[in-house]
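The sequence lines fix the lettering, A, B, ..., with proteins before strands; numbering per chain opens at 1. Treat the numbers as computed from the prediction; the structure is a model and nothing was measured.
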Amino acid sequence: MKTDELREMYLSFFESKGHKRCPSDVLVPTWDPSVLFTPAGMNQFKDHFLGKVKLDFARATTCQKCLRTGDIDNVGRTAYHQTFFEMLGNFSFGDYFKRDAIHWAWEFLTSSRWLGIDADRFSVSIYLDDDEAADIWQQDIGLSSDRVERMDEYDNFWPAGAPTEGPDGVCGPCSEIFYHPPGGGQEVEIWNLVFTQFNRVGSPPDNLRPLPSKNIDTGMGLERTVATLQGVDTNFHIDTLRPLVEAVSDVCQVAYQPDSDAGRRLRRIADHVRACAMAIHENVYPGPQKEKYVIRRLLRRAVLDGHQLGLREAFLYQLVPAVVEVMKGPYPDVGETTGRVADVIKNEETSFLGTLDDGLARIEHLFAQLRSDHRNTVDGAAAADLYQTYGVPPEVFEALAAEQQLAFDWEGFQSAMEAHGEASGRLSHSVMDVKGPEATIKQVLHSVEFLGYQTAQTDAELKFIIAGEQLLDRWSAPGPEAAVRLVLDRTPFYGEAGGQVGDTGEISTDGVRFVVTDTDREGDLLLHRGYLLEGELRTGNRVLAVVDAERRLAIRRAHSATHILHHALQQNLGSHAQQQGSKVDGDWLRFDFTNLASIPAEQLAEIEAAAVACIEAAAPITATTVPLAEARRAGAMMLFGEKYPDPVRMVSMGDFSKELCGGTHLDNTRDVGAFEITAEEAVSSGVRRVVALTGDKAREHAERTRATLEEAAQLLQVGPLQAPSAAADLARSVRELKKELSGGGQRTESASDAAAAPSGSRPTYAEVKQALRQTARTLNVALFEVPTRVRSLQAEVESLEQQRQQLVTSGDVSVDRLLEQATRLDECQLVIAEVPGANPNLMRHLIDRLRQQAAPIAVLLAASSGDDKVVLVAGLSGELTDRGAHAGKWVAAVAQVVGGGGGGKPDLAQAGGRRPEQLPAALELAVDVLQQQLHGG
RNA sequence: GGGGGAUUAGCUCAGUUGGGAGAGCGUCUGGCUGGCAGCCAGAAGGUCAGGGGUUCGAGUCCCCUAUCCUCCA
């Protein structure tokens, strides 16, 4: 039996038993914070099990794409471990229970109409005291007692060990079905039937409370079951995966021998590349965090296996077509993204190979150190350090160490990694928690009627008051510190979702005013977060809920503009430019999308112009609720990573944009008013971010841009469009002045462009924007910091000019002049002098020249800079340092007199102080100090 | 979300109680050789990522921000 046949047979069997056939959920359920990836078929039904949502059906069956990395080390080594796999399952939400679940499982496995497997090939396990299940298996089905094994809570309870160790929440016993292959091979667990019938509360004993409605949750590993049916010894040899392994073997040019080390690596590569391709297909790219990081790690492990097999160039991406070939049957849409997925993989593996090269250099460095220390073991902690900081994989480390006859301390490595794990903090999340006031509310109130599409205000009944984790009947504490959440039976307030921020506004009744600062969403509940201004709230009150209409309108402008931008991006960049995330606030929006390269300014301007054209086209905007299938036919934008309800709300703009969206929108695109893209940047590799403004904010931004450029131009005394070149001149003159002062050299007269006359006509906004951007870039500051920066540069020029002037008027501070002032001390020349206007660099130059010309010599030069600072530099020629003099100590002692300190090397040192008026006294002291040093006093 | 690191010349990077901003490669100029390869000499090239703080003095110490790398969850 083929894989595709088993999948289809399972689903149609349960359809024939009244189950709704649901499609596989996405691989990354963004709506579920407790998991990174969908780990099992039941995941998409969590809310159904908990009664959190209204049920349209009580029985479902699925084939679910799953990803698990818990046992990643076993992949390739064992027969059945995989990271990506498919799971068949049937589910009951308070409908049928153990008896039907077991009977149907048995019928599917053994009936000749279905799988028709010999009943003698099966045995089952059940939970210790689950007599109900035991009876069904033995009495109804007729299994002999030696084929029904009772196991403890760690084997036959879900979650494992729950009665004793928790977590609290929904749980129950399970029953596993084992297949015994003919010929006496190892038995295989192929199906697990979970009977969720308890709510665990606290520690044993008596902590398992029966649930009012009991559920069934079963899981049959597709690949594993196929492997047993096909009589092959590992999942990797079934009809779908064997060709993939062969493809890996081809690309790697390593013959596939199942039992060899290389064979294990080939299987692992096959598994990992399939997992990566399926995830990337759903727009989950390799990245530095969370699910993205898991994908990066999977990809790297595969690359590393290839590396160990001798490959040094990117190769994984070549396997994408093979993966598509295998997966496009059940998931036809994977065929649409082959090129994109391959590009992403190629990019990522290329950059990883670069990282590996860096790692090799660091490993070399460490080996050199070991050799010089005459040690023969690579310290595990040091290796862990390199791994954590630079990503040097331990496997590579070990292999290279072996070449150098060095041992690798795996134990030390592991414990260091564990310590790192602790230090990084672990998230603990229970699989299903039914705690918190929101859960309590949901038992009573399944959803809140949302009226915000039609109106900004409505009367309503106050149903619940949530303060912290408690439900209250009344609330009277005023002020922002006393924040609570309110639940109404209906509301015009939009709760944050789909990137659109929550509404603000006011909820009031006679003598009571409550400020809504934000609106959240918990499932279908809308929670108004805020505080009381006056009065007392009581549940049951009739209240008036009023949204801040002006802000809501600004949000609508931004949201409609977001759809327009999405459309413009796809038109301009291509259909790969898909939404990766978005945030919509009042007249402000942020839009992340898939694109490998940055977008040049000209292209960005084109995109902006295209968006503006859509706005000016004054296209009508409509929202309709239609069946999902109809929306798909209409060509609405569907995102792979999104989970859509059915029916869906489809927002259309003219004939250019159709998106599935629950947000609030304008009635006509013209109402967006102004639109401007203000930033384009990277979010992570392969993802770009655009920030844009609409309406009032866009207009204000344009005003401000114009005003800022004009201010800068005025400071620079040029016309607005000459600001960039004038700013460049200014920056250049600062650089040249600094160089001149520090080098003591001659000033090279810079050919500064004469200030051009302001141009006659008023520059266009595009020109203004361009000019300000360019100015900001030359000055290396943010757009609106330009005038500030210009002022500070101008001040710097002035002060540098002053210094230069001082230096010029102080006459020629030449080596000769200083030597004329020299006195004698013992056999040496001694120069102690003030050099007005000089800086430390110039003084050092002078000292160098004096030492060259007149050794043995001691020099101490001083200058006051500014009003309240003194700089001192001292230098000694070799003869004097040999005799025990120390420039650092010398200059430090002298600097004390001017209220400072200093230090440096024996032959050259520098100091400073804050009291210029004491400088003469200090210089006088300098002679004595040096004399004492030379005479050991 | 948390831990570790990086950011210095066009490129690759060094910079050690805080006290002269450096090397190699590349570029340019000159020289050696009959010419080239090559060798020698010299030069140009820096807002030490940005901002704040400590200090007489910060590439170096502290804080913040940005970007990138990396590990853990």
Side-chain angles (χ1 to χ4, degrees), chain A residues 33-36 69-70 287-294 296-297 300 351-352 354-359 361-362 365 383-394 413 416-429 598 679 681-685 730-732 734-735 737-739 742-743 748 776 778-782 785 788-789 792-793 796 839-848 851 862-866 868-875 887-889 891-892 894-916 918-919 922:
Chain A
S34 69
V35 293
L36 293 181
T69 55
Q289 287 132 21
K290 300 193 171 181
E291 65 276 0
K292 290 165 182 279
Y293 180 61
V294 173
R296 168 168 285 177
R297 207 165 43 168
R300 290 186 170 188
S351 91
F352 179 55
T355 305
L356 267 183
D357 284 342
D358 285 352
R362 298 199 184 268
H365 196 253
D385 218 43
L386 274 183
Y387 180 47
Q388 287 157 19
T389 306
Y390 302 105
V392 178
F413 178 83
M417 287 308 291
E418 266 164 44
H420 175 62
E422 311 263 311
S424 299
R426 288 175 194 283
L427 275 163
S428 65
H429 35 67
S598 70
E681 62 204 16
V683 182
S684 64
S685 74
L730 180 61
R732 189 176 338 119
V734 168
R735 204 161 43 231
L737 272 169
K738 273 186 177 167
K739 194 188 291 181
S742 69
T748 52
T778 36
L779 299 181
N780 201 13
V781 289
E785 304 284 314
T788 317
R789 183 69 179 152
S792 83
L793 280 175
E796 201 170 352
N839 58 25
N841 226 332
L842 176 59
M843 292 193 253
R844 275 193 296 264
H845 272 111
L846 290 169
I847 289 170
D848 274 347
R851 283 195 297 204
S864 47
S865 68
D868 57 349
K869 277 194 179 171
V870 184
V871 181
L872 302 155
V873 181
K889 290 173 185 163
V891 79
V894 175
Q896 275 195 339
V897 182
V898 287
K905 293 179 290 190
D907 64 323
L908 191 80
Q910 180 181 334
R914 288 205 178 279
R915 294 209 300 268
Q918 295 295 320
L919 192 52

[N] and [M]: how far apart are their [atom1] atoms, nearest whole angstrom?
{"N": "B:C63", "M": "B:C56", "atom1": "C1'", "result": "22 Å"}
{"N": "B:A9", "M": "B:C72", "atom1": "C1'", "result": "37 Å"}
{"N": "B:C11", "M": "B:G30", "atom1": "P", "result": "27 Å"}
{"N": "B:U65", "M": "B:C71", "atom1": "C1'", "result": "23 Å"}
{"N": "B:U27", "M": "B:A66", "atom1": "C1'", "result": "31 Å"}
{"N": "B:G15", "M": "B:G59", "atom1": "C1'", "result": "8 Å"}
{"N": "B:C32", "M": "B:A49", "atom1": "P", "result": "43 Å"}
{"N": "B:G4", "M": "B:G42", "atom1": "C1'", "result": "44 Å"}

(message) Using a 4.0 Å heavy-atom cut-off to protein, can you give one letter per nucleotide of nucleotides 47-55 of chain B, 5' to 3': B if the base is in contact, S if only the sugar-phosphate is, - if neither?
(response) B--S-----
I'd like a list of close polar pairs between nucleotides 17-21 of chain B and the protein, N/O only, cut-off under 3.5 Å.
residue	atom	partner	partner atom	Å
B:G19	N9	A:Gly903	O	3.4
B:G19	N7	A:Gly903	O	3.3
B:G19	O6	A:Gly902	O	3.0
B:G19	O6	A:Gly903	N	2.8
B:G19	N1	A:Gly903	N	3.4
B:G19	N1	A:Gln910	O	3.4
B:G19	N2	A:Gln910	O	3.4
B:G20	OP2	A:Arg844	NH1	3.2
B:G20	N7	A:Lys905	NZ	3.1
B:G20	N2	A:Asp848	OD2	2.1
B:A21	OP1	A:Asn841	ND2	3.3

With a cut-off of less than 4.0 Å, is there a side-chain N or O of [X] near OP1 or OP2 of [N]?
{"X": "A:Arg296", "N": "B:U70", "answer": "yes"}
{"X": "A:Tyr387", "N": "B:U70", "answer": "no"}
{"X": "A:Arg915", "N": "B:C56", "answer": "no"}
{"X": "A:Tyr293", "N": "B:A73", "answer": "no"}

Could you state the atom-to-atom distance from [atom1] of [X] to [atom2] of [N] in whole Å?
{"X": "A:Gln388", "N": "B:G2", "atom1": "CD", "atom2": "P", "answer": "17 Å"}
{"X": "A:Phe352", "N": "B:U70", "atom1": "CZ", "atom2": "C1'", "answer": "11 Å"}
{"X": "A:Arg300", "N": "B:C72", "atom1": "CZ", "atom2": "P", "answer": "11 Å"}
{"X": "A:Lys292", "N": "B:G1", "atom1": "NZ", "atom2": "P", "answer": "13 Å"}
{"X": "A:Leu386", "N": "B:G3", "atom1": "CG", "atom2": "C1'", "answer": "16 Å"}
{"X": "A:Gln918", "N": "B:C56", "atom1": "CD", "atom2": "P", "answer": "16 Å"}

(request) Please figure out whether A:Val870 or A:Thr389 has its closest RNA chain B nucleotide nearer the 5' end. (result)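 Comparing both residues, the 5'-ward one is A:Thr389.
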Minimal non-hydrogen separation, [X] against [Y], with atom names:
{"X": "A:Ala874", "Y": "A:Ile847", "value": "C-CD1, 4.0 Å"}
{"X": "A:Met843", "Y": "A:Ala863", "value": "CE-CB, 4.1 Å"}
{"X": "A:Pro394", "Y": "A:Phe413", "value": "CG-CZ, 3.4 Å"}
{"X": "A:Val870", "Y": "A:Arg915", "value": "CG2-C, 4.0 Å"}
{"X": "A:Gly902", "Y": "A:Ala892", "value": "O-CB, 3.6 Å"}
{"X": "A:Pro916", "Y": "A:Ser864", "value": "CB-CB, 4.1 Å"}

(request) Report yes or no: is there a donor-acceptor pair, N or O only, under 3.5 Å between the side chain of A:His420 and the base of B:C71? (result) yes
(request) Could you give me the stems involving RNA chain B, meaning stretches of three or more consecutive Watson-Crick or G-U wobble pairs whose two defining distances are both below 3.5 Å? (result)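 Detected stem regions: B:1-7 with B:66-72, B:10-13 with B:22-25, B:27-32 with B:38-43, B:49-53 with B:61-65.
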(request) Look up atom CE in A:Met417 and atom CG in A:Asp385, then write down how far apart they are to the nearest 0.5 Å. (result)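 Taking CE in A:Met417 and CG in A:Asp385, the distance rounds to 10.5 Å.
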